[in-house]
Amino acid sequence: MLTSSKVQTAVRLLLPRELAKHAVSEGTRAVTKYTSSKAYQRLWEESHASLKELQDQEGALPEAVPSGERQSFRYQLSVLYLRYLGLLRRLDTIYDQMVQPQKRHLLRRLLDSVAGRVLELKDELVRVDLCETHCLDGVLQDLTLTPADLEVPIPKYFQLEQSSAMRGRELMLAEILSRLEPIASEESSPRMHRTKAIILLQSAERARQSRLRATFMQEILRERERDRRILEGRQRKLSREQAAIIIQKVWRGYAQRKRTQQDRRSEMEFIGMLPACDQTEHWGTLSKAALGEEARRAQQKAKEEEFLQAGETIRHSLMETQGPTMKEKMKQQIRQWFTECRTITGHFPDYPDESEGGSYLIFAEKTPEQVNMELEQQLQDSKKEQARSKDKDREKEQQNRKDAKTKKQEAEPMLKAALSKALPKINAGHMEYLSKRKWANAGLTGTLGDLVLGTVGVCQVDTRWQCVWRNRHEGQHPQQSFASDILQEEKRIEVEAEIRTQVDELMRQELRNLRLAVDREEERYVKAPKKMPEKKTGKKKEKDLTLGRSVDSLYEELVTFGLLKKSDRVALKDYVGDCLYLGSTLTWANKLPMPSLFDIRQNMALYGVLRLGSPDIHSLAPLIRSILLVGPSGMGKKMLVQAVCTETGANLFDLSPGNLQDKYPGKSGAQMLVHMVFKVALLLQPSVIWIGNAEKNFYKKVPKEEKMMDPKRIKKDLSKAIRRLSPGDRVMLIGTTDQPQLAEMKGLCRTYERILFMPRPDYASRYGLWKHMTEARGAVASHRLDLSALARVSDGYTSGHILQAIRSVLTERRIRQLSRRPLVASEFLGHLAKLDPVYREDEEALKDWYFKTPLGKRNMELSKNQLEAEEARLTKKRRK
């Protein structure tokens, strides 16, 4: 077997020096590109194997289970949720680095569908657990996964596809803000008098010279002391052998201590207790990998442009070469159908309407007699259905009454999985990967009634299967170009559909002429199929209060009034926190575990980032239009809002009561304000509407000092605007509050569909916060800095308190001194002592409020029922 080293050696022996170097370099690059493509192809095949297993597990999921089997049902949902998370992570990696354009299109559909299924399973878990956080440590152990597998992956294409739009909005926002900034006057920056400036410089220079003089005098004193010791030491004379032994002793001791210290450090680095000192090689490897990824992304753009250009070329070629033949063949078939129908029925048939399928209806592999019989049968069936509709309605009413009675009599409610929108798309994508039917001889199947109702399917005329991606060897496309045969087939179908529409118009006119010429019959009125009446939702169409105004003018006005702001660039991963490792243990001990910072970050990724990042994911996922973050001040609520905007490239609108003071006064002003914000947010999706101090919009009683602010004036219009959002509208309302007790519970819970409680960080999260924040400030964690002690001492403090203490200690001067004076834990204690922690009474008050929310009430009721059932079981066991 020839290895790469043998091939390189042969090339160097055969070719001259410079030519050999170039040949080896180009060959290595080509092999690397090919092997990386093979690696992603192999990863894609493994993903579809996992998808096949997940389809089997989805089939085994019960339709409905009694409430007593809640734990087993929850376990099945948790397994599916974790496995879909892993599949989503894998598909995101493949889509980010796969180059072949047609594979990327299929991968994109699969990626969005799997993300939609993850969000559906999350919604199911909330419904079963009656809680926003889930303890999955037991499921992780059964599946041999790590806590890192709980991390929700954010597809990389969210930011890559929004980058150009984000840059355009940032430039526009910066331009507007630069026009609004007043020119700084000379008086705004007071100048120092010349005499005072000279005196200040003189004093600084004299102080510098004094420090140098003092250092110089210390060096002189040290030299004098050294000379004195040398003179005293000359009285004791040593032989050469004695001096050599002393030198060896000192050197060996020093060398051994250094070796011991180095071994101990390498051991601590190996077990992960200390960070690596020299990470140059590590960072070099990461930088090389990042450069490779960027190169593949640039190659993706080039191949996509090549694919689109080739598609247009093939389409024009097919239109010119095969278009006339297709058109004549269709006309001939339709004319033959005219003749056959007139021979059998005595008159020309009615041409199918475009909404019914047009000439597709004619090519349904049916004879004219069958078509005529089905038409007559359809009319008879419709009459019978009208006659039986009243009887069916009565039977349904009686059955509904019986069902209501039986439901009341049932002792246990049933848990049932909701119908999935994402699963059909996942199955379709998986089948497209496995194989695809030939379209050349395919027709349409189904009865005439199916065609009229729009439920036409592809007829299984040709039973042969054409493998598309599963058995297509990667060597067929070493340059990762498009597959021309598949592209030509797809474009042929598009051309045929376009030509069929044109032929339908021509043949309708020809049919009219035939009726006039042969039957002397005027144009026959064809009754259009009845449409099902739409249900009245009771919602009135919103009146456009800004009709005639452009989006740019509305955008500029909102920026001018400070309602549309520039979001700070914060990644969601910067919200540091560790997961809860003993959640299942606490649950089994009848103790309700509190959510960790890790759980909060995951919920924001699921509810905010994934839904706003893609319109396809948003339309597939259960509709969630608003989130409320409840927690003490300093927990990073605003940081999470900015992280959602950063990860999705969303606009940030600020409707906080303090920001609305003296803006758009009056009732009409509040309507105009909410209308403008939601109109611009919908036109420039994705968008985040943030309301800080959200409790003020729903005050039970407005304080006297805030009556001039009128914080409740947008309450009614805000609720109406939120209810108008539908699937596909990537607009999210996010509220933050640290005093929800001041608000009306009913109005607050009606406006915000998801309420996320944020308690104080636990020990594991505090340890991670201290480590991450000190390293972010430039301090390398050493064995002298006891992070565990800091995590224990900071119990009761929030993330903001820890960050404030670190900033107070790690000033620029202290960072420069770290090489001489390492950081110790005691330096932070004084600054922590000056801060007020979150007292247990305040946190308990927030917990009590949370358990009064609708979801919290149901959770407490479930816990109470489980405790009663457990006590009854133990009592029965004791009696036996």
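These values consider heavy atoms only, across backbone and side chains, with no hydrogens, waters or symmetry-generated copies.
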message = What verdict does the side-chain hydrogen bond (donor to acceptor under 3.5 Å, both in side chains) test give for K122 and N603, after you've listed the backbone C-alpha separation in whole Å, the side-chain angles of each residue and the deciding distance to 0.1 Å?
response = CA-CA 9 Å; K122 167 65 179 178; N603 282 331; 2.9 Å; yes

ask   = So E744 and R750, salt bridge (Lys or Arg N to Asp or Glu O under 4.0 Å) or not? Walk me through it.
value = CA-CA 10 Å; E744 298 174 355; R750 186 180 298 171; over 6 Å; no

inquiry  = Between D848 and K852, does the salt bridge (Lys or Arg N to Asp or Glu O under 4.0 Å) criterion hold? Intermediate values first, please.
reply    = CA-CA 7 Å; D848 293 341; K852 291 177 183 177; over 6 Å; no

query = Passes side chain to side chain contact (heavy atoms under 4.5 Å, CB included), L652 versus V641? Steps please.
reply = CA-CA 9 Å; L652 178 61; V641 175; 3.9 Å; yes

task = For Y607 and I627, run side chain to side chain contact (heavy atoms under 4.5 Å, CB included): C-alpha distance rounded to whole Å, both residues' side-chain angles, the deciding distance at 0.1 Å, then the answer.
result = CA-CA 8 Å; Y607 290 144; I627 306 170; 3.5 Å; yes

ask   = Step by step, would you call L756 with I600 a side chain to side chain contact (heavy atoms under 4.5 Å, CB included)?
value = CA-CA 7 Å; L756 304 181; I600 296 164; 5.5 Å; no

inquiry  = Run R601 and M604 through side chain to side chain contact (heavy atoms under 4.5 Å, CB included) and show every step you take.
reply    = CA-CA 5 Å; R601 183 174 74 240; M604 287 305 295; 5.9 Å; no

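Under the 3.5 Å distance criterion, with hydrogens and angles disregarded, a donor-acceptor pair is assigned to the side chains of E58 and Y84. Counted by atom type alone, Q162 and Y157 present zero donor-acceptor pairs between their side chains at under 3.5 Å. Side chains of E753 and S626: no donor on one and acceptor on the other come within 3.5 Å. Donor-acceptor pairing under 3.5 Å is recorded for the side chains of T736 and W690. Side-chain polar atoms of S656 and D654 form a donor-acceptor pair below 3.5 angstrom. With hydrogens and angles left out, the side-chain atoms of S420 and E120 include a donor and acceptor closer than 3.5 Å. No hydrogens or angles considered: nothing links the side chains of T93 and D96 as a donor-acceptor pair under 3.5 Å. For the residue pair T546 / K679, a side-chain donor-acceptor distance below 3.5 Å is found, with atom types taken as modelled.
Using modelled atom types, no side-chain atom of S553 and backbone atom of R549 make a donor-acceptor pair closer than 3.5 Å. A donor-acceptor pair under 3.5 Å is absent between the side-chain atoms of D616 and the main chain of D112, judged by distance alone. Checking side-chain atoms of Q685 against main-chain N and O of R730 turns up a donor-acceptor pair under 3.5 Å. R625 contributes a side-chain N or O that, together with a main-chain N or O of L725, makes up a donor-acceptor pair within less than 3.5 Å. A donor-acceptor contact shorter than 3.5 Å is absent between the side chain of D568 and the backbone of Q642. Side-chain N or O atoms of T737 include none that pairs as donor or acceptor with a backbone N or O of G692 at under 3.5 Å. Formation of a donor-acceptor pair under 3.5 Å by the K663 side chain with backbone atoms of N659 is found in this model. Between the side chain of K712 and the backbone N or O of Y699, at least one donor-acceptor pair lies under 3.5 Å. Judged by distance alone, with hydrogens and angles left aside, the side-chain atoms of S614 form no donor-acceptor pair with the main-chain N or O of L610 at under 3.5 Å. A donor-acceptor contact shorter than 3.5 Å links the side chain of N651 to the backbone of L684.
For the atom pair NZ (K720) and CZ (R723), the distance works out to 8.0 Å, reported to the nearest 0.5 Å. How far CD1 of I802 is from OG of S765: 9.5 Å, rounded to the nearest 0.5 Å. For the atom pair S78 OG and Q76 CD, the distance stands at 10.0 Å (nearest 0.5 Å). To the nearest 0.5 Å, atoms CD1 (I176) and CG (D552) are separated by 8.0 Å. Atoms CG and CD1, from L855 and I755 in turn, are 8.5 Å apart once rounded to the nearest 0.5 Å. In this structure, R724 CZ and S719 OG are separated by 11.0 Å, a value rounded to the nearest 0.5 Å.
A heavy-atom distance below 4.5 Å is not found between the side chains of D578 and D762. The side-chain heavy atoms of R74 and L136, taken from C-beta on, include a pair separated by under 4.5 Å. The shortest distance between side-chain heavy atoms of I426 and R117 falls below 4.5 Å. Residues L683 and Y555 fail the side-chain proximity criterion, which asks for heavy atoms closer than 4.5 Å. Taking the side chain as every heavy atom from C-beta outward, L563 and L660 approach each other to under 4.5 Å. At a threshold of 4.5 Å between non-hydrogen side-chain atoms, the residues E706 and K696 count as touching. Counting heavy atoms from C-beta on, the side chains of P686 and V731 never come closer than 4.5 Å. Counting only heavy atoms from C-beta outward, the side chains of L85 and V152 approach each other to under 4.5 Å.
For the residue pair L580 and P593, the shortest heavy atom distance occurs at CD2-CB, 3.5 Å. Residue V139 comes nearest to L82 through the heavy atom pair CG1-CD1, 3.7 Å, listed as atom of the first residue, atom of the second, then distance. Residues S567 and C645 come closest through the heavy atom pair OG-CB, 3.7 Å. Of all heavy-atom pairs spanning I722 and T751, the tightest one is CG2-O, 4.3 Å. Here the shortest heavy-atom pairing between E695 and D738 reads OE1-N, 4.5 Å. When all heavy atoms of Y575 and M635 are compared, the closest pair comes out as OH-O, 2.8 Å.
At a threshold of 4.0 Å, the pair E151-K573 does not count as salt-bridged, since none of the basic side-chain nitrogens sits closer than that to a carboxylate oxygen. Remark: E647 does not engage R569 in a salt bridge, criterion side-chain N to carboxylate O under 4.0 Å. Ion pairing of R840 with E843 is absent here, as no side-chain N (NZ or NE/NH1/NH2) approaches a carboxylate O to less than 4.0 Å. Using a cut-off of 4.0 Å between Lys/Arg side-chain N and Asp/Glu carboxylate O, R83 and D149 are scored as not salt-bridged. Using a cut-off of 4.0 Å between Lys/Arg side-chain N and Asp/Glu carboxylate O, R127 and E124 are scored as salt-bridged.
The number of heavy atoms from other shown groups lying within 6.0 Å of NZ (K857) does not exceed 12. For K847, the NZ atom is densely surrounded, since the number of other residues' heavy atoms within 6.0 Å is greater than 12.
Using cut-offs of 30° and 60° on the angle between ring planes, the pair Y850 and F757 is parallel.
Both tests do not hold together for R766 against Y797: distance to the six-membered ring centre under 6.0 Å, angle to the ring axis within 45°.
A ring-centre distance under 6.0 Å is not found for F653 and F678.
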